[in-house]
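First the structure, in the form of structure tokens, and then the observations on it.
The model shown is predicted, which means the values in this text are computed figures rather than measured ones.
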Amino acid sequence: MSQASFILSAFDLNLWCSVLETKFTVDDLAALQAIIDADIADDPDFAGLYSIDPDELNAINQRFDGGFDPARLKLPDIEIWLERERKGRSIRDVPYLVHTNFELPLMLEGRKKLARFTDVLPKTEEAFDRWVERGLFHKEVFLEPIPASLKPYVSDPDHSAVRDVYYTLKGEEWRIPAMNLLWKASGGWNEHFERLEGMLFGYENWQNDWWIAHRNDESGGIGGIPFCCAVDAEGLKWMELAGFKALPPLAEIQIHIYDPDEDTVAAALLAEDESAVALARFKLSLEMQRKLLDGNTRGPWQINREQIPEINRHLKRQVDVLFRQSAQ
């Protein structure tokens, strides 16, 4: 019987990072599905990220000898998460600690100089604001109005601007205008921007070298699930004019998980739509991944034009265009 590796993690809502993790082996996916009350038809391969309650954790420990006991840490406010280990497609495969979800403790240690959040969750902001009040961090907030042409596609009428929140160590405030300038630069994202961004966040030179050398590999880079969608000629032109920083809000979009190991799937997505001329690949924030995967971890996901601006607010860097072909 084939086996799969899974990771249980305890996320501290005060330090805003994972404080304890363990890896265990599963020889019966259906048994694990039954424990967490998931529909095996929706997610037979466990592509999703699952929140685990105490009873489910006890059952996992008993059935699979997990031995995971976050209670011994005696932390007042933690969440337990379960995910399947996917080698070669995880920030855990990077040979240094990636800042994602470790921003707060790294800043408190002085190893991270700058943190940037877009449409940040209230709990995240509260965790950082405590250190602003204590005089250790500097905070700035920027509101970028949503263009009038895109407002008809925004599902929440009260959402009129994108809110960026920056935190720096005291004495490192200069990094905020530098990062703002970098993000407003035209011409599309490239490895030079990538290096500058890494330097501003506080990554070391060798870490930036490694990241740049690997982020554009055939899997589409590291740091989250790669998604894709087919676009027609009009949508492709719209993305080009937007500097490949957004998906086109011109029509409904069907989103799929992009799997580089299934070459025929990408070609099939284009073949299904006679008007499609290219395949767009992109990454989403962890918050948006959880929202998108909730209740349907396999896909595809049908996104209407009112939802597309929300997807765009959670894009991680630029959109890559794959399998571009001439319009028929």
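- In this structure, the salt bridge (charged side-chain N to carboxylate O under 4.0 Å, His left out) partners of E109, at least two apart in sequence or on a different chain, are R111.
- For the pair E234 and K237, the salt-bridge criterion is not met [side-chain N within less than 4.0 Å of a carboxylate O].
- At distances below 3.5 Å, at least one donor-acceptor pair connects side-chain atoms of R175 with backbone N or O atoms of L200.
- Within the 3.5 Å criterion, the main-chain N or O of N304 finds a donor-acceptor partner in the side chain of Q307.
- Panel note: side chain Q62, backbone A59; no donor-acceptor pair is recorded below 3.5 Å.
- Not a single donor-acceptor pair under 3.5 Å links the side chain of D232 to the backbone N or O of S275.
- Donor-acceptor pairing under 3.5 Å is lacking for the side chains of E194 and H192.
- For the side chain to side chain contact (heavy atoms under 4.5 Å, CB included) test, residues two or more places apart in sequence or in another chain that qualify with L13 are F11, W16, D77, E79, K123.
- Taking each heavy atom of F64 and T25 in turn, the nearest pair found is CD2-O, 3.9 Å.
- Put simply, M179 and L196 are part of the same group of oily side chains (I, L, V, M, F, W, Y) that touch within less than 4.5 Å, one to the next.
- Cluster annotation: W211 and F102 are assigned to distinct hydrophobic clusters (Ile/Leu/Val/Met/Phe/Trp/Tyr, side-chain heavy-atom contacts under 4.5 Å, transitive).
- When side chains are defined from C-beta on, V319 does not count as touching R281, because their heavy atoms never get closer than 4.5 Å.
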**OP:** Start with the C-alpha distance between E240 and W238, add both sets of side-chain angles, then the distance that settles side-chain contact (heavy atoms from CB on, under 4.5 Å), and finish with yes or no.
**Re:** CA-CA 5 Å; E240 290 173 343; W238 191 95; over 6 Å; no

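- Listed by chain and number, the residues in a side chain to side chain donor-acceptor pair (under 3.5 Å) with E21 are S18, R92 (sequence neighbours excluded).
- V321 has its side chain within reach of M239: a pair of non-hydrogen atoms, C-beta onward, lies under 4.5 Å apart.
- No side-chain heavy atom of F142 sits under 4.5 Å from any side-chain heavy atom of V165.
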Original post:
Given the rule in the side-chain contact (heavy atoms from CB on, under 4.5 Å) test, do I257 and W301 qualify, once you have shown the distances and angles that lead to the verdict?
Top reply: CA-CA 9 Å; I257 292 177; W301 300 270; 3.6 Å; yes

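- Contact detail for A127 and L104: the closest heavy-atom pair is O-CD2, 3.8 Å.
- For F24 and F68, the ring centers are positioned 6.0 Å apart or more.
- Here the CZ atom belonging to F201 is positioned 11.0 Å from the CG atom belonging to N208, to the nearest 0.5 angstrom.
- Salt bridge K23/E85: present, at least one basic N to carboxylate O contact under 4.0 Å.
- Between the CD1 atom in I255 and the SG atom in C228 there is a gap of 9.0 Å [rounded to 0.5 Å].
- Side chain of K74 to backbone of A71: no donor-acceptor contact under 3.5 angstrom is found.
- Under the 4.5 Å side-chain heavy-atom criterion for ILVMFWY residues, a single connected hydrophobic cluster contains both L15 and L136.
- Shortest non-hydrogen contact noted between I253 and P248 is CD1-O, 3.6 Å.
- Here the shortest heavy-atom pairing between P309 and E306 reads CD-O, 3.7 Å.
- No donor-acceptor pair closer than 3.5 Å links the side chain of E56 to the backbone N or O of P54.
- Annotation: salt bridge (charged side-chain N to carboxylate O under 4.0 Å, His left out) contacts of D69 (sequence neighbours excluded): none.
- Using a 4.5 Å heavy-atom threshold, the side chains of P95 and W210 count as touching.
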Subject >> Verdict with reasoning, E172 to W174, per side chain to side chain donor-acceptor pair (under 3.5 Å) >> reply: CA-CA 5 Å; E172 302 287 347; W174 64 270; 3.3 Å; yes

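- The hydrophobic cluster containing V98 does not contain I7, counting ILVMFWY residues as joined when their side-chain heavy atoms lie under 4.5 angstrom apart, directly or transitively.
- Rounding to the nearest 0.5 Å places CG of L108 at 9.0 Å from CZ of R134.
- In this structure, CG on L75 lies 9.0 Å from CG on L20, to the nearest 0.5 angstrom.
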**OP:** Just do the side-chain contact (heavy atoms from CB on, under 4.5 Å) check on R130 and N14 with the steps written out, would you?
**Re:** CA-CA 10 Å; R130 286 194 293 268; N14 291 311; 3.7 Å; yes

Original post:
Is there a side chain to side chain donor-acceptor pair (under 3.5 Å) between H138 and K170 once you walk through the steps?
Top reply: CA-CA 6 Å; H138 171 77; K170 283 298 184 71; 6.0 Å; no

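- Using a 4.5 Å heavy-atom cutoff, the side chains of F117 and T124 are in contact.
- Put simply, W131 and L106 are part of two different groups of oily side chains (I, L, V, M, F, W, Y) that touch within less than 4.5 Å, one to the next.
- Atom-to-atom distance recorded for L247:CG and N312:CG is 5.0 Å, nearest 0.5 angstrom.
- Using cut-offs of 30° and 60° for the angle between ring planes, the F137 and F128 rings count as tilted.
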Original post:
Between D164 and V141, is a side-chain contact (heavy atoms from CB on, under 4.5 Å) present by the stated rule, with each step listed?
Top reply: CA-CA 6 Å; D164 287 332; V141 178; over 6 Å; no

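- Here the CD1 atom belonging to I52 is positioned 6.5 Å from the CG atom belonging to L8, to the nearest 0.5 angstrom.
- D129 meets the side chain to side chain contact (heavy atoms under 4.5 Å, CB included) test with E125, V132, K139, Y167; sequence neighbours excluded.
- Heavy-atom minimum distance, V277 versus A233: CG2-N, 3.6 Å.
- Both tests hold for R116 against W183: distance to the six-membered ring centre under 6.0 Å, angle to the ring axis within 45°.
- A search for side chain to side chain contact (heavy atoms under 4.5 Å, CB included) contacts involving R63 returns D27, D28, A31, I35, not counting sequence neighbours.
- Put simply, the side chain of P70 reaches to within 4.5 Å of the side chain of I80, judged on heavy atoms.
- The shortest heavy-atom contact between L315 and K245 is CD1-O, 3.6 Å.
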